[in-house]
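Chain letters run A, B, ... following the sequence lines, proteins first and then strands; every chain starts at 1. As the structure is a prediction and not an experimental result, all values here were calculated from the model.
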Number of protein chains: 2
Amino acid sequence: MDSLLSNLKITVPEKLYVKDPESSDLGKRIVQHSILLIDEIGFDGFTFKKLGTKIGSNESSVYRYFESKHNLLLYLSSWYWAWIEYQLVFETHSLNPNEKLEKAIEIVTRTIKEDSKFSHVNEVILNKIMIKENSKSFLTNQVDQENKDGYFIIYKRIVHRLRDMIKAINPKYIYPSSLASTILEGSLHQHFLKAHFTTITDCNDKLTPTDFIKNLVLNTLKA
Amino acid sequence: MDSLLSNLKITVPEKLYVKDPESSDLGKRIVQHSILLIDEIGFDGFTFKKLGTKIGSNESSVYRYFESKHNLLLYLSSWYWAWIEYQLVFETHSLNPNEKLEKAIEIVTRTIKEDSKFSHVNEVILNKIMIKENSKSFLTNQVDQENKDGYFIIYKRIVHRLRDMIKAINPKYIYPSSLASTILEGSLHQHFLKAHFTTITDCNDKLTPTDFIKNLVLNTLKA
DNA sequence: TCTATTATAATAGTATTACTTTTATATTTG
DNA sequence: CAAATATAAAAGTAATACTATTATAATAGA
C-alpha cells in the first residue's frame, strides 16, 4: 500500500496554483510548512509573511506558487481528499457491497495516525487541519464561481463514490447523496467535538467517530 | 405562539456584548443591519466601518456594543439558538416521546420562511446566515477559552435537549449526543449543499433537510 | 563559455482591516 | 440646569493581503 502510494503523484486541479508546488524544492517546502504553520496558529492567523520567515524565504516568493492563502487552503484540501480517494479506491477494490461500504466509511472517517513519509506532506497534521479548517474552503461568497471552476471536484467525487456504494446496498433508499455527504462532514464535525466540545458528543478515543458513523449508516440502510 | 414570543426577551450570555444592544435604538439598528449586511457581503467581507456607513453611524460607536466582529457573530449565533430553543420548549411541551422528537427535529431543521416581526431581528435572514456562517463562530483558535467562558451554552443546551429526547425513545442507543449534534450541524450542512452543491445532496424544495434528518434519526433509533 | 532564461530574494509600496484613542457634540437624567 | 452618558467624528496604529520593482542567483541552451 505504502509503496503503491509512494509512486503516485497526487493530482489536484491545476487552477489551484500559479506554479505547481511539486515542481520545485521551494514549492514543496511551502506546502510542507504551511501545513505545520496552519496547525500551529490556525488558518485565520496564518499569513504568507509568517510562512516566508519560517522557511527562510520571502513572502513574494510564496505568491509565485499560490495566488492567495485561500487558494492554498483549497490546494491542501484537494490534496487531502485526493489522497483519501486513492485509499478509498485501492482498499475497497475487491470487496462485496457490504464490506465495501464499511471499509469506505473507515477510510474516510478514521483519525490519521501515521505520516506515510512518502512525501513532504504530513498527513497526520493535514488531517487535523481538515477537521478545523476544511469548511472554510467552501463557506465563502465565491463558492459558486469556484465550484464552477472545478475547485471542489475531488471532494464531490468521493461523495459520489460513497453514494454509489450506498445505492448498491439499498437501491430504495432515497437519500444516498445526503447520507454520503453527511458521512464526510459529520465525521469531521465529530472529530472536532471530540477535541473541543466533549459534552455534546459520545465520541472519544474508545468510541470513535468511525464507530458512530458506521452505526448510523448501516442501521439507516437496514431499516 | 407569535404573541407569546413577542413578550419574551431572548437572553444571550452577557459577556458577548460590551453594552446590551437591546438597550438602545442604536444597538438594535446595529443588530438589525449587521444581519442584513452579513447576508449581503458575507461575514468575511463584513466590517464595522461598512456597517457604520449603512446605519448612518460611526465605526467607533459600534465598538461600544461589540468588542469585535467575531463577538457580534457569537451574539447573533446565540440569539438564533436561543430563539430556536424557545420554540423547541414551547412547541414540544405536551407531546409524547415520539411526537416530541419528531417535532423537535422539525423545529431545528426547518427553513425559516417568515420573519416573526416581533423584533428588529429578521429571522429568515438570520437563518440564512447561520447556514453559511455559524461554524465560523467556533472553528477558531480561541474556541476552548470561549467555551469555558460560556459563549456556546445555548447551542449546547439544545443538543442536550435533543439528546434527552433521543434517550427517552431508545435508552439503549449509545450515541445520543453525537446523533443530536449531527441533527444540528447535518441540517445546516444540507441546507448549504441544497443552495450551492446540488450534486452531492438529495435535498431540494420538495425533499427537505428536515425529511432527510427525520428519516435518518427515526430509522437509526428503530434499528 | 557566454548568454539568455528562469527562479528566488529583497525591498518598498498600497489599500484595507480591525481595531484604539481622543475630542467634540448631542441627549438624557437627576 | 448641571452632570452624566451616549454618540459621532477624526486621527492614528499595527497588521494584513496583497502588487510591483529591482537585484541576484541558479540553470539550460547555443
Query raised in the report: What salt bridge (charged side-chain N to carboxylate O under 4.0 Å, His left out) pairs are there with at least one residue in residues 49-75 of chain B, not counting sequence neighbours?
Result: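 Found E40(B)-K54(B).
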**Report entry** Pairs meeting criterion salt bridge (charged side-chain N to carboxylate O under 4.0 Å, His left out) with involvement of residues 178-200 of chain B, two or more places apart
**Finding:**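 Passing the test, one end in residues 178-200 of chain B: K194(B)-D205(B).
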Just the atom pairs and distances: protein N or O near nucleotides 15-18 of chain D's N or O, under 3.5 Å.
| from | atom 1 | to | atom 2 | distance (Å) |
| --- | --- | --- | --- | --- |
| dC18(D) | O5' | Y63(A) | OH | 2.9 |
| dC18(D) | O4' | Y63(A) | OH | 3.3 |
| dC18(D) | N4 | E59(A) | OE1 | 3.2 |
| dC18(D) | N4 | E59(A) | OE2 | 3.1 |

Query raised in the report: Between K148(B) and D144(B), is the closest basic N to carboxylate O distance under 4.0 Å?
Result: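 Looking at D144(B) and K148(B), the cut-off is not met.
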Query raised in the report: For residues 14-33 of chain A, which residues have at least one heavy atom under 4.0 Å from DNA chain C?
Result: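 Heavy-atom cutoff 4.0 Å gives K19(A), S24(A), L26(A).
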Query raised in the report: From the 5' end of DNA chain C to its 3' end, which nucleotides mark the outer limits of contact with chain B, defined by a 4.0 Å heavy-atom distance cut-off (strictly under)?
Result: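 So the contact region on DNA chain C extends dT17(C) to dT21(C).
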Requested in this report: Say whether E133(B) and S77(B), considering side chains only, have a donor N or O and an acceptor N or O under 3.5 Å apart.
Outcome: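 Judged by distance alone, the side chains do not pair up.
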Query - Any donor-acceptor N or O pair under 3.5 Å, side chains S24(B), Y65(B) - result: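 A pair is found: one side chain offers a donor N or O, the other an acceptor, under 3.5 Å apart.
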Query raised in the report: In whole Å, what is the span from the CZ atom of R64(B) to the P atom of dA6(D)?
Result: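 Atom-to-atom, R64(B) to dA6(D), this comes out as 7 Å.
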Heavy-atom pair of closest approach, residues [X] and [Y]:
{"X": "I105(A)", "Y": "K214(A)", "value": "CG2-CG, 3.9 Å"}
{"X": "V124(A)", "Y": "D115(A)", "value": "CG2-N, 3.4 Å"}
{"X": "I153(A)", "Y": "P13(A)", "value": "CG2-CG, 4.2 Å"}
{"X": "I41(A)", "Y": "G45(A)", "value": "CD1-O, 3.5 Å"}

Query raised in the report: Does K128(A) have any salt bridge (Lys or Arg N to Asp or Glu O under 4.0 Å) partners at least two apart in sequence or in another chain, and if so, which?
Result: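 By the salt bridge (Lys or Arg N to Asp or Glu O under 4.0 Å) rule, K128(A) matches D39(A).
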